[in-house]
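Shown next, in C-alpha cells, is the structure this report addresses.
Sequence lines set the chain letters: A, B, ... in the order given, protein chains first and strands last, and positions in each chain run from 1.
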Amino acid sequence: MISIYTVSYKNLLRKKTRSLLTVVGIGLSAWVLASLLGFNQGYESALNKDIDNMGFQVLLTAKGCPYEAATLMLKGGTGLRYMKESIVDQVLSNEEVEKITPMLMHAVFDPNKGESGGITAYLGVDPATFPAMKSFLEFKQGKWFSEPEAMEAVLGYEAAELEQREVGDTLLIPNINAEVKVIGILKRTGTQDDGTIFLPIRTVQRLFEKTGDLTGIGIKVDKNANIAQFEEKLYQLPDVQVVSLAQVKQTILNLVSTAKVMVASIAIVAILIATVGVINTVLMSVFERFQEIGILKSIGAMPLDVFKLIWIETLVLCFLGGGFGIVLALALSQTTGILIRRLLPYAPTGSLITLNAEIVITTLLTVVLIGLVSGIYPAWRAARVRPLEAIRSEVA
Amino acid sequence: METNSALIVAQELTKTYTRGSETVHAIRDISLDIPAGSYTAFIGPSGSGKTTLINILGCLDNPSSGSLFIEGRKILGGDRPLGEREMTRIRRERYGYIFQKFYLIPTLTVEENVLLPCTFYRKADSEDRLNELLTFLGLEKRRHHLPGQLSGGEMQRVAIARALINRPQILLADEPTGNLDSARSEEIGRLLKELNRKQAITLILVTHNLELARTADRIVELRDGRIRLS
C-alpha cells in the first residue's frame with residue numbers, strides 16, 4: 001500500500017537537480033552549524049586539556065604584564081623576569097598549597113638553528129617536585145635526572161626529533177659551550193611539553209649565572225581550598241604576579257569570542273539562505289503542480305492531507321541535507337580545524353573541532369526544525385488550492 | 001421535499017458569475033434526474049455551461065441557487081454554501097473523476113497511481129480492488145511501469161482505475177478522450193460503456209465527441225446555460 005511518505009519522497013525525484021541543489025545548500029549550512037558547535041566545544045576542551053596538562057592551577061611570576069605572562073605560560077614557558085627563590089618557602093607556608101614546583105627558563109640564541117639562527121629555550125625544573133606535579137608525563141626512553149645538579153637533559157618528543165638526539169647522546173648548549181647528556185625522551189603529549197628541553201633547575205641557575213633566581217613557580221592548590229582567597233594571599237608577596245589558570249582560560253576565551261561571533265554570523269547567514277532556498281524550491285514545486293494538487297483534492301485529499309504531503313517533502317529535503325552536512329562536518333573537521341587555527345590569536349594544541357553525538361543530534365534537529373518552519377508557507381499555499389480552479393484551468 | 005427515486009436530482013440549478021459590472025448566467029434553472037446505473041452524456045458548444053453543470057453535479061462547486069440531491073438527501077443548495085471539507089468528504093465517498101489530461105503522478109508507478117486516492121481515503125479491500133481493476137483494464141503487465149512508459153490510452157485507463165479504486169457510485173468523465181486519437185477514443189468509449197453495464201456505475205460524461213456521446217443512454221444538450229432535450 002502506498003503511503004503519503006512515498007508520494008512526498010517520490011515527488012522530490014521529479015526535479016532531481018533542483019532537489020539535489022537544495023539538499024546541498026541545506027547540507028552546507030548544516031556543515032557550518034555542526035562545525036561551529038564542534039568548535040565551541042572543541043576549543044574549550046582543547047584549552048582545558050592544555051591547562052590540565054600543566055599540572056598546576058596557579059602560576060607565580062615576577063611582576064610584569066599579565067597577558068605576556070599568560071601567553072608565555074601557554075606557549076610552554078614562564079615570564080622572563082626573575083624573582084627570588086626565597087619566595088618558594090613563603091608560598092609553601094600557606095595551608096592551601098598541595099604541591100609546588102619552582103622553574104627557571106633561559107633562552108639562548110643558537111646561530112646554527114634554522115637558516116638564520118633561532119632561540120632555544122631551556123626549562124630548569126626541580127627533579128624532586130616537577131615529575132610529581134606532572135605525573136602524567138611518560139618516557140619513550142630513559143628517565144628523569146639522576147641528581148639535582150646533574151649535567152643532564154630530558155627532551156620532549158618533538159625537541160628530540162628536532163635536535164635528532166637519543167638517550168645517551170650529548171647536547172651542546174650554544175654560547176656557553178656546555179654539554180649535557182640526554183638521559184630521557186618523553187612520549188608525545190600533544191602539549192607544549194613536546195617541544196621543551198628540560199634541565200635540572202640548579203644546573204640552569206649555575207650555567208646561566210642565575211643562582212637564587214626563578215622565572216615561575218607552579219602551584220597546585222588543595223582541592224578543598226578557596227582559590228580566590230589563596231590568590232589574595234599571594235598578592236601580598238612583594239614583586240610577584242599571580243596568574244590563575246582560570247583567569248588565563250577566561251582571557252583566551254574572551255580573545256576568541258570575536259572569532260566565535262564571526263563564525264556564528266556565518267552560520268546564521270548560511271541557515272537563512274538555506275531556509276529561503278527551501279521555501280523557494282518547495283513553493284516552485286507547489287506552483288508547478290497547481291493542477292495536480294487540485295486533482296488530488298478532487299479525488300479525496302483533504303486540505304490537511306495536502307499540507308502534510310508538502311510539509312513532508314520539505315522535511316525530507318532538510319533531513320537529507322542535514323545528514324549530508326553532518327557527514328561533511330565529520331569528514332572535514334580536521335581541515336576546518338586547520339583553517340580556523342590560522343584565524344585565531346591563540347589556538348590550543350589538539351583538535352579544535354570536536355563532533356559528538358550531542359552535536360550531531362542538535363544539528364539534525366535544528367535543520368529539521370528549519371524544515372518544519374520553512375515548509376509551513378508552501379504547504380499552506382498548497383492546502384488552499386481549490387480543485388475547481390485546477391479543473392477550470394485545465395479546460396480553459 | 002419530493003425527489004423521486006433517481007440517484008441524483010438537480011432542481012432549478014442556477015450559477016451566476018460577476019464579470020466587472022456584468023452578471024453572467026453560466027447555467028439557468030436546470031432541473032434533471034439521473035437514475036442510478038444510468039449513462040448520461042452532456043454535449044454542447046464551448047460556453048454552453050456544461051462544465052459548470054458537471055462541477056455542481058460532481059460536488060466541486062456550489063450553485064448560486066437551486067438544489068442538488070443525492071439519494072434523496074439534499075447535498076447542495078442549503079442555507080449556506082457547502083465548505084471545501086464537506087464537499088471533499090462527499091466526493092471521496094461517492095465520486096470518481098476522469099480528466100482530459102489524466103494527471104498521473106510521473107514518479108509513481110501504475111499501481112501507486114491507482115492506489116493514490118487510498119492514501120487519503122481507503123475502503124477495506126483496496127488491494128483486491130486494485131488487482132481486479134488492473135485485470136479488467138488490461139494493465140496487469142504494466143503495474144510496475146511509470147506513466148512515461150505508457151501510451152495515451154493506457155494512461156487514461158490508469159486514470160479510470162484510479163477513479164474506480166474506492167468503488168464510487170458515480171463516475172464523472174470530463175472530456176476523457178480529448179487527448180487521444182480516434183482509435184484510442186473508441187477504446188475508452190467501449191470501456192466506459194462496459195463499466196456502466198457490468199459494474200452498474202452511474203456515468204456522467206461531458207464531451208465534444210459526438211461518437212463518444214452516442215454510447216450513452218441519454219444525451220443532454222446544453223445551449224446558453226439551458227437544457228435542450230434530444
Side-chain angles (χ1 to χ4, degrees), chain A residues 1-20 282 285-313 316-317 379-396, chain B residues 46 50-52 54-56 58-62 83-109 111-123 126-127 130 146 159 162-166 168 172 174-175 178-179 206 208:
Chain A
M1 178 58 69
I2 184 172
S3 72
I4 199 163
Y5 301 99
T6 314
V7 180
S8 292
Y9 163 70
K10 288 196 169 182
N11 268 334
L12 293 171
L13 298 176
R14 219 181 276 207
K15 304 271 182 184
K16 289 193 185 80
T17 309
R18 188 165 70 193
S19 298
L20 186 69
V282 181
S285 159
V286 167
F287 288 144
E288 283 167 4
R289 286 185 287 156
F290 173 74
Q291 288 189 328
E292 191 180 290
I293 290 168
I295 299 301
L296 285 181
K297 290 181 87 174
S298 77
I299 62 171
M302 287 286 190
L304 186 64
D305 293 322
V306 175
F307 188 93
K308 267 162 59 185
L309 190 77
I310 303 300
W311 218 22
I312 291 167
E313 279 181 34
V316 170
L317 279 175
W380 176 74
R381 285 295 299 261
R384 283 182 63 213
V385 171
R386 294 182 62 212
L388 186 62
E389 287 169 19
I391 292 163
R392 270 190 190 148
S393 63
E394 178 201 31
V395 296
Chain B
S46 296
K50 58 186 189 303
T51 298
T52 305
I54 200 175
N55 285 341
I56 296 171
C59 269
L60 287 161
D61 200 3
N62 281 288
E84 187 62 52
R85 276 169 209 280
E86 290 125 313
M87 283 210 273
T88 304
R89 203 162 286 127
I90 294 165
R91 282 199 302 266
R92 68 191 192 179
E93 282 168 11
R94 293 180 182 272
Y95 288 87
Y97 297 85
I98 307 167
F99 305 98
Q100 181 178 345
K101 289 186 188 168
F102 327 130
Y103 288 111
L104 303 178
I105 294 187
T107 47
L108 300 182
T109 61
E111 182 177 280
E112 288 168 336
N113 266 295
V114 173
L115 286 170
L116 192 60
C118 305
T119 316
F120 314 116
Y121 174 71
R122 190 188 332 173
K123 288 192 176 166
S126 44
E127 288 290 340
L130 168 75
L146 293 170
R162 182 181 64 185
L164 297 175
I165 189 75
N166 273 330
L172 265 95
D174 190 358
E175 298 284 5
N179 268 1
V206 166
H208 279 104

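The parts of B/R89 that come within reach of chain A are both its backbone and its side chain, each placing non-hydrogen atoms under 4.5 angstrom from that chain.
No side-chain donor-acceptor contact under 3.5 Å links B/N55 to the backbone of B/L60.
In terms of heavy-atom pairs under 4.5 angstrom with chain B, the leader among A/L12, A/L309, A/L13, A/L296 is A/L296. Interface summary for chain A: among B/E93, B/E112, B/E127, B/R85, the most heavy-atom pairs under 4.5 angstrom belong to B/E112.
A side-chain donor-acceptor contact under 3.5 Å links A/R289 and A/S285.
When all heavy atoms are compared, the tightest approach of B/T119 to A/I4 is CG2-N, 3.5 Å.
Salt bridge status for A/E292 with A/R14: present, with a side-chain N to carboxylate O gap under 4.0 Å.
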